[in-house]
Amino acid sequence: MEYKDPEFELLSSLEQIVFKKDLTQPVTLSKKPNFFSDFEQLRRGTGLKIDDFARAMGVSVSMVHEWESQRIKPTATEMKLMRLIHANPTLSKQLID
């Protein structure tokens, strides 16, 4: 039996709502995503200070620095949360409070 991470599944559902995607259709990527460039773009697009961004993500500021320095790659779940924060700035304010 395949294990499904409940946090990942929840974020996937939220992603469908926010981006209004129909994920029943297969998604094809034209190129392999680069998590580091995606992360950098998403992080800058939030407009949050690094400490607010870390708080919204539920990680330490040092972890965000690790991501930015490309020493550690964000997990798929963390990337989903970043995309949701980027797409819906009010979500980040709710996560910080």
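The first residue in the sequence is number 1, and the count goes up from there.
- Taking every heavy atom of both residues into account, A56 and L81 meet most closely at O-CD2, 4.1 Å.
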Inset, instruction - Show your reasoning for whether side-chain contact (heavy atoms from CB on, under 4.5 Å) applies to V59 and E78. - result: CA-CA 10 Å; V59 299; E78 290 164 338; 4.2 Å; yes
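- Note that NZ of K73 is 9.5 Å distant from CE of M79, once rounded to the nearest 0.5 Å.
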Legend entry - T46 and M82: CA distance, side-chain angles, deciding distance, side-chain contact (heavy atoms from CB on, under 4.5 Å) verdict: CA-CA 9 Å; T46 64; M82 285 181 221; over 6 Å; no
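- Summarising the geometry of W67 relative to I72, their closest heavy-atom pair is CD1-O, 3.2 Å, with the distance given to 0.1 Å.
- A salt bridge does not link D52 with K49: none of the charged nitrogens is closer than 4.0 Å to a carboxylate oxygen.
- Judged purely by atom type and a 3.5 angstrom limit, E66 has no side-chain atom pairing as donor or acceptor with the backbone of M63.
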Inset, instruction - Could you walk me through whether V64 and D51 pass the side-chain contact (heavy atoms from CB on, under 4.5 Å) test, one step at a time? - result: CA-CA 9 Å; V64 176; D51 57 330; over 6 Å; no
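- For the 3.5 Å distance criterion, the side chains of T77 and T75 fail to qualify, holding no donor opposite an acceptor.
- Side-chain contact between R55 and V61 is absent, with no heavy-atom pair separated by less than 4.5 Å.
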